[in-house]
There are 2 protein chains.
Amino acid sequence: MNGTGTAAEDRVFAALANATRREVLRLLRERGPQAVQALADHFDMRRPSLSEHLKVLREAGLVSERRSGRQRVYRLEAAPLADVQDWLHPYERFWRERLKGLGDLLDRMPDDDQP
Amino acid sequence: MNGTGTAAEDRVFAALANATRREVLRLLRERGPQAVQALADHFDMRRPSLSEHLKVLREAGLVSERRSGRQRVYRLEAAPLADVQDWLHPYERFWRERLKGLGDLLDRMPDDDQP
DNA sequence: TTGACTAGTAGGGAATCGCCTACCTAATGT
DNA sequence: ACATTAGGTAGGCGATTCCCTACTAGTCAA
């Protein structure tokens, strides 16, 4: 389902690194598919700049566009976010252990090259 | 537990946007706390550059340092990753619905300003 | 067909990123 | 005290980011 591997991962994390783009995802999630103008109304930014953000999101696979007359309706595509969740999985035990207060054990576990 | 709000979120996502920094997190997760030199050995990069990456991770709260003699041992701090998982939560139903093949319903749901 | 409207592209500029080579600071060991 | 080791800081440099103002390409309506 994902042949690109690390390059795709890189694009997704890079796309999420910008607050405007995360806000676009939130809008699409909360209000459903939206045309560019409707999205642009919620930002203090010119429309072409938003278009570039949408391009980044598109290339990360986080949104798709559907043409409808002269509008382009963008829709959230959450699959890459599922990949992010998969990426998080192996870290989960770390914050759980920490919450249970036994994270200090890890400090005395696997550690190389002591002086 | 997190008073900073969106600025902290921004630092975390920005920190994760770099492959070297994600690799540092993976190393700390798989091998436990490590000194800088041990980490640096795994990258084709000079040590000062890695130091800067560690600074970014530190300021995002993703690692902590403990001085031990002349070494500085870095440890994974997974709490901000728990925040990322929380951020992902509201999107979860989107990729689940899509997998069940009924994501198309969303296209005909909440949509404003038709021509 | 002409005009208006939606949205993407081109190109430019300031700021930030990510790397580098010095250099500085602190701890250790002789 | 002095040299060595570990690692952070300063400053520079090319690439990238993120915004802007034109401009271009489709689509709809008179």
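Keep in mind that this is a model prediction, so the values were computed, not measured. Below, chain A is the first sequence line, B the second, and so on; all start at residue 1.
In this structure, A/R29 is positioned above the aromatic face of B/Y91, its NZ or CZ under 6.0 Å from the six-membered ring centre and within 45° of the axis.
Residues passing the side chain to side chain donor-acceptor pair (under 3.5 Å) test with B/R58 are B/Y74, sequence neighbours excluded. Under the rule for a side chain to side chain donor-acceptor pair (under 3.5 Å), the partners of A/S64 that lie at least two apart in sequence or sit in another chain are A/E77.
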Expected string for nucleotides 10-19 of chain C under the B/S/- scheme (protein heavy atoms, under 4.0 Å, primed atoms plus P, OP1, OP2 as sugar-phosphate) is -B------SB
Indicate for each nucleotide in nucleotides 25-30 of chain D, in 5' to 3' sequence, whether protein heavy atoms under 4.0 Å reach the base (B), only the sugar-phosphate (S), or nothing (-). --BS--
Below 3.5 Å is the cut-off: list the nitrogen or oxygen pairs between protein and nucleotides 1-3 of chain D, distance only.
none

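Residue pairs that meet the side-chain hydrogen bond (donor to acceptor under 3.5 Å, both in side chains) test with at least one member in residues 18-28 of chain A, sequence neighbours left out, are A/R21-A/H53, A/R22-B/E9, A/R22-B/D10, A/E23-A/R26, A/R26-A/E30.
Residues A/V24 and A/L62 form no side-chain contact, since every pair of their non-hydrogen atoms from C-beta on lies 4.5 Å or further apart. The side-chain heavy atoms of A/V12 and A/D83, taken from C-beta on, include no pair separated by under 4.5 Å.
One finds a salt bridge joining A/R72 and A/E65 here, because a Lys/Arg side-chain nitrogen approaches an Asp/Glu carboxylate oxygen to under 4.0 Å.
Cluster annotation: A/V56 and A/L76 are assigned to distinct hydrophobic clusters (Ile/Leu/Val/Met/Phe/Trp/Tyr, side-chain heavy-atom contacts under 4.5 Å, transitive).
Between A/L54 atom CG and C/dT9 atom C1' the separation is 14 Å, expressed in whole Å.
A/Y74 comes within contact range of the sugar-phosphate backbone alone, with a heavy-atom separation under 4.0 Å but no base atom that close.
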